[in-house]
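Let me begin by presenting the structure, written as structure tokens, before commenting on it.
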There are 2 protein chains.
Amino acid sequence: MRYTTKTEYGLVCLLYMAKKMPDYVVTIKEIVQTENFSESYIEKIFQTLRGANIVTSHKGKNGGYALTRQPSEITLKVVIEALEGHTFDVYCEPETREGIVCNHFCMCGVRPIWTRTKQMLDQLYDSITLATLAGSESEVRQKVLVA
Amino acid sequence: MRYTTKTEYGLVCLLYMAKKMPDYVVTIKEIVQTENFSESYIEKIFQTLRGANIVTSHKGKNGGYALTRQPSEITLKVVIEALEGHTFDVYCEPETREGIVCNHFCMCGVRPIWTRTKQMLDQLYDSITLATLAGSESEVRQKVLVA
DNA sequence: GCAATTCAGACCAACTTAGTCTGCTTTGAA
DNA sequence: TTCAAAGCAGACTAAGTTGGTCTGAATTGC
């Protein structure tokens, strides 16, 4: 179980932006060159981020993307939900899949595990912002390099 | 992000066994009739569980499957890892994907999130056993029905 | 007006999932 | 000794998802 590359790439891009000055306008080209991603794919990811109001865009020459708010006000939860749909799919939750009769899961002893899992992940991702990540990066980088 | 049906079905089956007497031998047919699963698919799942030494099997007439140890000694982590491969795929972890050079992830600011995620899930699933689930089921069932 | 940029959406190959299917082997009991 | 009931092994497959690509707009600043 893992998140898709959309989330992975999206977070890398947002983190890149967070580390720049506030209101910094970044272009797809710039970010693709720095991070060595596929241009078309990143474009699509930014469309999703724009739809979720995490970034704004400006068309035309000197256009590009900027964060809609401070890095400290953009939580991981919001980003993951925008790119992935949800932090964790409880799957058998009746309210999330209307029309589907759940034969096994809804009332069974297994479901509470998934509810609890989602609860934990939501809480974790709600407590981490882009600023958290940007701030701890150098320190984290060192740790990893030493280990 | 969610676990596959292998894990879902596998847990339902194991929970079914846990609620029976210790050393109870269950057949695929019995469990399939009770839970309304596909026979062939459940067979495959039990092969995996046997490979992970979570159940033992006995061939031939009056054969079937039994838990290898007490429900209280079978953690969710062990079951999920057997059926899913891992509780959470940190993805860019160099040691898990030898030969693959990670361009973006390994040293970047995003990776610690996934490390932390895996840590939390591992800890959660290590603290829950089949006995926990079997024990809390009736109570959980009530809660759900009331809500 | 032109070059740089985003925007929209159709398209697609490869992979994964959730199974099915066929037939074999082992075993207990009649 | 036979036979039916079980597990065992593995090839196969349809449908869905992932991780993109590609074409061609529309918009904007210089």
Side-chain angles (χ1 to χ4, degrees), chain A residues 1-13 17 24-33 35-68 80 83-86 89 91-92 97 100 103-105, chain B residues 1-13 17 24-33 35-66 68 83-86 89 91-92 97 100 103-105:
Chain A
M1 181 175 74
R2 64 180 169 96
Y3 293 110
T4 63
T5 53
K6 271 182 89 170
T7 294
E8 195 84 43
Y9 297 175
L11 279 174
V12 171
C13 293
M17 294 169 78
Y24 181 83
V25 172
V26 72
T27 64
I28 297 284
K29 279 224 168 61
E30 176 190 341
I31 216 162
V32 160
Q33 275 167 12
E35 301 288 353
N36 201 32
F37 287 137
S38 141
E39 187 168 328
S40 314
Y41 197 40
I42 295 300
E43 240 172 32
K44 249 174 58 170
I45 290 174
F46 268 89
Q47 291 312 309
T48 306
L49 292 173
R50 187 174 60 94
N53 199 38
I54 293 167
V55 300
T56 47
S57 65
H58 187 62
K59 275 184 167 184
K61 202 161 190 177
N62 300 335
Y65 297 93
L67 298 176
T68 55
I80 293 176
L83 293 170
E84 205 79 15
H86 38 60
D89 191 356
Y91 190 74
C92 58
R97 311 195 169 224
I100 294 181
N103 292 322
H104 315 294
F105 311 138
Chain B
M1 181 175 75
R2 63 179 169 96
Y3 293 109
T4 63
T5 53
K6 271 181 89 169
T7 295
E8 194 85 42
Y9 297 175
L11 279 174
V12 171
C13 293
M17 294 169 77
Y24 181 82
V25 173
V26 72
T27 63
I28 297 285
K29 280 224 167 62
E30 175 189 344
I31 217 162
V32 159
Q33 275 168 10
E35 302 288 352
N36 200 32
F37 288 136
S38 140
E39 187 168 330
S40 314
Y41 196 41
I42 294 300
E43 239 172 33
K44 248 175 61 171
I45 290 174
F46 269 90
Q47 291 311 309
T48 306
L49 292 173
R50 186 175 58 95
N53 200 38
I54 293 167
V55 300
T56 47
S57 66
H58 187 62
K59 273 184 166 184
K61 201 160 191 177
N62 300 336
Y65 297 94
T68 55
L83 293 170
E84 205 79 15
H86 37 61
D89 191 355
Y91 189 72
C92 58
R97 310 195 169 222
I100 294 182
N103 291 322
H104 315 291
F105 312 137

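Side chains are part of it too, since the values below use all heavy atoms of this structure and drop only hydrogens, waters and symmetry mates. Numbered from 1 within each chain, the chains take letters A, B, ... in sequence-line order.
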Practice item. Test B/Glu35 against B/Tyr9 for side-chain contact (heavy atoms from CB on, under 4.5 Å), laying out the working first. Key: CA-CA 9 Å; B/Glu35 302 288 352; B/Tyr9 297 175; over 6 Å; no

**Study point:** Derivation and outcome, side-chain contact (heavy atoms from CB on, under 4.5 Å), residues A/Thr48 and A/Lys6
**Key:** CA-CA 10 Å; A/Thr48 306; A/Lys6 271 182 89 170; 3.8 Å; yes

Practice item. Mind running side-chain contact (heavy atoms from CB on, under 4.5 Å) on B/Cys13 and B/Phe46 for me, showing each step along the way? Key: CA-CA 9 Å; B/Cys13 293; B/Phe46 269 90; 3.9 Å; yes

Exercise for review: Walk me through it: do A/Tyr65 and A/Ile28 pass the test side-chain contact (heavy atoms from CB on, under 4.5 Å)?
Suggested key: CA-CA 8 Å; A/Tyr65 297 93; A/Ile28 297 284; 3.7 Å; yes

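Nearest heavy atom pair, residue A/Ser57 against residue A/Arg50, reads OG-CD, 3.2 Å. Considering every non-hydrogen atom in both B/Gly10 and B/Leu83, the closest pair reads CA-CD1, 3.9 Å. In plain terms, the two heavy atoms of A/Glu39 and A/Val32 that are nearest each other are CA-CG2, 3.7 Å.
Protein chain B touches strand DNA chain C; the 5'-most and 3'-most nucleotides with an atom under 4.0 angstrom of its non-hydrogen atoms are C/dT17 to C/dA29. Protein chain A contacts DNA chain D over a range whose 5' and 3' limits, counting nucleotides with an atom under 4.0 angstrom from a non-hydrogen atom, are D/dT18 to D/dC30.
A/Gln33 is linked by a side chain to side chain donor-acceptor pair (under 3.5 Å) to nothing, counting only residues two or more places apart in sequence or in another chain. For B/Glu30, the side chain to side chain donor-acceptor pair (under 3.5 Å) partners are B/Tyr16, B/Tyr24, not counting sequence neighbours.
At least one donor-acceptor pair closer than 3.5 Å links the side chain of B/Glu84 to the backbone N or O of B/Thr4. Here the side chain of B/Thr68 pairs a donor or acceptor atom with the backbone of B/Asn53 at under 3.5 angstrom. The closest donor-acceptor contact from the side chain of A/Thr5 to the backbone of A/Glu8 lies at 3.5 Å or more, if one exists at all.
The CE atom of A/Met1 sits 10.5 Å away from atom CG of A/Asp89, with the distance rounded to the nearest 0.5 Å.
Of the residues in residues 44-56 of chain B, those lying under 4.0 Å from DNA chain D by heavy-atom distance are B/Gln47, B/Arg50. Near DNA chain D, defined here as any heavy-atom distance below 4.0 Å, the residues from residues 59-67 of chain A are A/Lys59, A/Gly60, A/Lys61, A/Asn62, listed numerically.
Within the 4.0 angstrom heavy-atom criterion, only backbone atoms of the sugar-phosphate kind lie near B/Thr4; the bases stay farther away. Across all strands, B/Ser38 comes closer than 4.0 Å only to sugar-phosphate atoms, never to a base (heavy-atom distances).
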